[in-house]
Protein chains: 2
Amino acid sequence: MHIDRAATAGHSFKSGPQAKFTVAKPPHPNTPLTEHLAYLLAQANREINRQLESRLSTEGVPVEQWRILKVLSDGEGHSMGDLAEAVLLNHPTLTKMIDRMVSDSLVYRRQDANDRRKVLMFISDRGKALCKRLNSLAASQEAYILANYGDKATGELKRLLENLIDAAS
Amino acid sequence: MHIDRAATAGHSFKSGPQAKFTVAKPPHPNTPLTEHLAYLLAQANREINRQLESRLSTEGVPVEQWRILKVLSDGEGHSMGDLAEAVLLNHPTLTKMIDRMVSDSLVYRRQDANDRRKVLMFISDRGKALCKRLNSLAASQEAYILANYGDKATGELKRLLENLIDAAS
DNA sequence: TCGAAAATGTTGAATGTTCAAGAATTGGGA
DNA sequence: TCCCAATTCTTGAACATTCAACATTTTCGA
């Protein structure tokens, strides 16, 4: 094990030994992370995303690919830019993920005839079939949440999140 | 520009031309992403995190490092495992982030005398000073949110998120 | 007491993401 | 019309994260 003692030069050494004297928690917890909205959001997102990920792993598909398929499910062409915005990925990341999905024959590219800078993405039949299976996996997760967390709370939370997103962007 | 036409073999071509006939939105939108709690959480988290990140960038510090400093601010030693859990990072990622922070003399390592498998992390004086500055940057973001989004909604949202986290984990 | 299994951290390779730059196309003003 | 700036997407290099394997220490049952 590698402890970098050199880096401690010039630091107070009081903190180390102090630990053994602070068995009881201080009355006013030192402004813990959980007071911050940003942290609660990160934590909740992480947990819910984990669960969803584990469901979708049945099909070996990352959450983002499900989102992409879902957006393309309307059968219309979506530009890379619009897609990136919709699925919360930035452009280069999306490009490379789409490359993989094209290799898997889940989606395909077409040049936009009206604006040839643009690339329009379409879902394939294979992609549609996969998306259908993924949708039901995701639906079962939502059902699980609703059961554990309650209909009302879920609805209220969604509403508040939508408002926050509107207010923040 | 590289359009992989080979990948489209065997796909229905109906979707493309169809687009021009669906100008008006269908009455029942094709189950868009925004109906899913997981998506709303991801979106809100992304937005809030972006804002926080941009504030903290004044000090050139990623959000995770602020969280680490905040946890260590109690002056006690925290094991890598506990830290990882608290700041929502997995072990290897934390190890490498801590390596950077040690290089920057923000924190330092000590071996736990009681359990020598463990490494205890401590904050340095330099780290404390930085953390103080970061706290006020973060506080100004929270104030901004409260102003735009409302006291009541923020409190309610926090409460619901806490419950969700409890229910989900 | 001994030894196997569990717990704790770190490492290196594989993988993924991001940043900056580039290519192609469009748009709009001189 | 022509050219330069803006838009859209992709690429390659730098960077960060993750997975699996490892080393060390502790725990606990035989």
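A note on names: the letters A, B, ... follow the listed sequences, proteins ahead of strands, and every chain is numbered from 1.
The aromatic rings of B:Trp66 and A:His36 sit perpendicular, their planes meeting at an angle over 60°, well past the 30° parallel limit.
At whole-Å resolution of the value, CG in B:Asn90 and P in C:dT15 are 17 Å apart. As rounded to whole Å, 11 Å separates atom P of D:dT10 from atom CG of A:Leu83. Separating the CG atom of B:Asp112 from the P atom of D:dT27 is a distance of 11 Å, rounded to the nearest angstrom. One atom, CG of B:Leu120, and another, P of C:dT8, lie 12 Å apart when rounded to the nearest Å. As rounded to whole Å, 15 Å separates atom P of C:dT17 from atom NE2 of A:His91. Separating the CD atom of B:Gln65 from the C1' atom of D:dA16 is a distance of 12 Å, rounded to the nearest angstrom. Spacing between atom CG of B:Leu94 and atom P of C:dG9 amounts to 9 Å, rounded to whole angstrom units. Here D:dA5 presents its P atom at 16 Å from CZ of A:Arg117, a figure rounded to the nearest Å.
Using a 4.0 Å cut-off, no side-chain N or O of B:Arg110 falls inside it from OP1 or OP2 of C:dG9. At the phosphate of C:dT17, OP1 or OP2 sits under 4.0 Å from a side-chain N or O atom of A:Arg100. When the side-chain nitrogen and oxygen atoms of B:Thr95 are compared with OP1 and OP2 of C:dG9, none of them lie within a distance under 4.0 Å. When the side-chain nitrogen and oxygen atoms of B:Arg109 are compared with OP1 and OP2 of C:dT10, one or more of them lie within a distance under 4.0 Å.
A salt bridge links B:Arg159 and B:Glu156; the closest N-O separation between the charged side-chain nitrogens and carboxylate oxygens is under 4.0 Å. A salt bridge does not link B:Glu85 to B:Arg67: none of the charged side-chain nitrogens sits closer than 4.0 Å to a carboxylate oxygen. Salt bridge annotation for B:Lys158-B:Glu142: present, with a cationic side-chain nitrogen under 4.0 angstrom from a carboxylate oxygen.
Candidate nucleotides D:dT11, C:dG9, D:dT18 were compared by shortest atom distance to the side chain of B:Thr93, and D:dT18 ranks first. Among C:dG9, D:dT25, D:dC9, the nucleotide with an atom closest to any side-chain atom of B:Ser79 is C:dG9.
For the atom pair CG of A:Leu106 and CE of A:Met121, the computed distance is 10.0 Å after rounding to the nearest 0.5 Å.
At a cut-off of 3.5 angstrom, the base of C:dG9 holds no donor-acceptor pair with the side chain of B:Lys96.
When each of A:Asp115 and A:Met97 is assigned the nucleotide of DNA chain C bearing its nearest heavy atom, the one mapping closer to the 5' terminus is A:Met97.
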